[in-house]
Amino acid sequence: DNHFRTAPLDRNMPVLLALLGVWYHNFGGVRTHAILPYDQYLRYLPAYLQQADMESNGKRVTRDGRELHHTTGPVVWGAAGTDGQHVWVVDPIDGTTNFIHGIPHFAVSIGVTRNGEPVAGVIYNPITDELFAAERGGGAYLNDRRLRVSGRRDISDAVIACGIPHRGRGDHAEFRRELAQVQATTAGIRRGGTASLDLAWVAAGRLDGYWERGLEPWDICAGIVMVREAGGFAADIDGGPDVMKTGDIMAGNEYMQSG
């Protein structure tokens, strides 16, 4: 895209491409299913976003001359392995609005769930050439550096990120109430527009916390693992048992959770 000049293809891009290659190699002969059918997904998008997502998601992919079953164009593919436990959750462009408007803050997000629970993920920002990766029990990393959530204890010193509901999405009045509470107690609020990177930045200690409602599994799957493996928490805002289902997420270090 002419909007952007991506970082050089150093050792990190091959890692991402290799992971995608493993995905296609392992699941090329297995019927894949969309978490959300593409035609339903498009109904939630403004018209100017639809073409970008169709171009990134609607391409036909073949292996050994055979069409894969996701060629009808799901925005995210959930590919079930033969064990029936693992599913890949992929968002090819997280931060589509940023991408369309030439804002260099978007990512590719790839997560893996086991029995519905996130267990591994990678988040790649092609503009900064930053590859965030995490695996349950194996820690979280930015390129070769181990990640740890911030150690900030006082919420009055904290910088918190959020998502802002826009036209036709979310409960605007509820968000304004939550925003007022956070404004009154923190040092600053940021809105990046890319949920996966917000979570990755919490894991990296750049942000002290993050909250947003109404997200989809592909927005948060990889980021949940990232934050937890960096020593933080990622949970449902209202205390529900499964944030992957509700999409209402809050994340941060242990002091932000208690605060």
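Any value given below was found using the heavy atoms of this structure, including those in side chains, with hydrogens, waters and symmetry copies removed. Quick caveat: nothing in here was measured; it's all calculated off a predicted structure. We number each residue from 1, following the sequence as shown.
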### Task
Flag yes if W211 and M256 sit in one hydrophobic cluster, no otherwise; membership is Ile, Leu, Val, Met, Phe, Trp, Tyr, and two members link when side-chain heavy atoms are under 4.5 Å apart.
yes
### Task
Using the salt bridge (charged side-chain N to carboxylate O under 4.0 Å, His left out) rule, take D208 and R152 through it: C-alpha gap first, then chi angles, then the decisive distance, then the call.
CA-CA 7 Å; D208 301 300; R152 199 160 281 109; 2.6 Å; yes
### Taking every non-hydrogen atom, the tightest pair across A161 and L207
CB-CD1, 3.5 Å
### Query
When you look at D129 and Y124, which way does the side chain to side chain contact (heavy atoms under 4.5 Å, CB included) test go after all the steps?
CA-CA 7 Å; D129 196 31; Y124 181 69; 2.5 Å; yes
#### Entry: Spatial distance of atom CG (L142) from atom CD1 (I123) [nearest 0.5 Å]
11.0 Å
### Query
Do any N or O atoms from the side chain of T96 and from the backbone of I93 form a donor-acceptor pair under 3.5 angstrom?
yes
### Query
Where the side chain of N253 meets the backbone of G205, is there a donor-acceptor pair that is under 3.5 Å apart?
no
### Message
For a quick test of reading the model, state the closest non-hydrogen atom pair linking A107 to T194 and the distance between them.
### Response
N-CG2, 4.2 Å
## Note on the structure
In short, V202 meets A251 closest at the heavy-atom pair CG1-C, 4.4 Å
### Query
Do the side chain of D236 and the main chain of D242 share a donor and acceptor less than 3.5 angstrom apart?
no
### Close side-chain approach of H166 and H172, heavy atoms under 4.5 Å
no
#### Entry: Flag, side chain of D238 to backbone of G240, donor-acceptor distance under 3.5 Å
no
### Message
Just so I know, are the side chains of D91 and V108 near enough to count as touching, which here means a heavy-atom distance under 4.5 Å?
### Response
no
### Query
Relative to each other, are the rings of W201 and H105 parallel, tilted or perpendicular (30° and 60° limits)?
perpendicular
### Query
With distance as the sole test, does N98 use its side chain to make a donor-acceptor pair with the main-chain N or O of G95 at under 3.5 Å?
no
### Message
How long is the straight-line distance from CG of L199 back to CD of E212, given to the nearest 0.5 Å?
### Response
9.0 Å
### Query
Is L197 reachable from V225 through a run of hydrophobic residues whose side-chain heavy atoms are each under 4.5 Å from the next?
no
#### Entry: Sub-4.5 Å side-chain heavy-atom contact between I189 and Q183
yes
### Query
When you check the side-chain N and O atoms of D94 and S109, is any donor under 3.5 Å from an acceptor?
no
### Task
Only counting residues at least two apart or in another chain, list the ones meeting salt bridge (Lys or Arg N to Asp or Glu O under 4.0 Å) with D248.
R213
### Message
So, taking the atom named OH in Y141 and the one named CG in L147, what distance separates them when rounded to the nearest 0.5 Å?
### Response
9.0 Å
### Task
Begin with the C-alpha distance, continue with both residues' side-chain angles, and end with the deciding distance and a verdict on side chain to side chain donor-acceptor pair (under 3.5 Å) for Y255 and D154.
CA-CA 7 Å; Y255 304 109; D154 194 335; over 6 Å; no
### Query
Just wondering, do N125 and F106 contact through their side chains at under 4.5 Å, heavy atoms?
no
### Message
In this structure, would M250 and I155 fall into the same cluster of hydrophobic residues linked by side-chain contacts under 4.5 Å?
### Response
yes
### Message
For a quick test of reading the model, state the closest non-hydrogen atom pair linking V90 to W218 and the distance between them.
### Response
O-CB, 4.2 Å
### Summary
One should read off an interatomic distance between I249 CD1 and M244 CE, to the nearest 0.5 angstrom, of 9.5 Å
### Minimum-distance pair of heavy atoms, taken over all atoms of G170 and P165
CA-CB, 4.1 Å
### Task
Mind listing the closest non-hydrogen atom pair of C221 and T113 along with its distance?
SG-CG2, 3.6 Å
### Task
Report the C-alpha distance between I110 and W88 in whole Å, list the side-chain angles of each, state the deciding distance to 0.1 Å, and finish with yes or no for side chain to side chain contact (heavy atoms under 4.5 Å, CB included).
CA-CA 7 Å; I110 305 172; W88 292 82; 3.7 Å; yes
#### Entry: Test side chain to side chain contact (heavy atoms under 4.5 Å, CB included) applied to A173 - qualifying residues, sequence neighbours left out
D171, R176, R177
### Message
Checking the side chain of E229 only, and the main-chain atoms of A140 only, is there a donor and an acceptor separated by less than 3.5 Å?
### Response
no
#### Entry: Transitive ILVMFWY side-chain link M226 to V122, under 4.5 Å
no
### Query
Do any pairs count as a salt bridge (Lys or Arg N to Asp or Glu O under 4.0 Å) and have a residue in residues 189-206, sequence neighbours left out, and if so which ones?
E130-R206
### Message
Quick check: is F233 connected to V182 through a chain of hydrophobic side chains (ILVMFWY, heavy atoms under 4.5 Å apart)?
### Response
yes
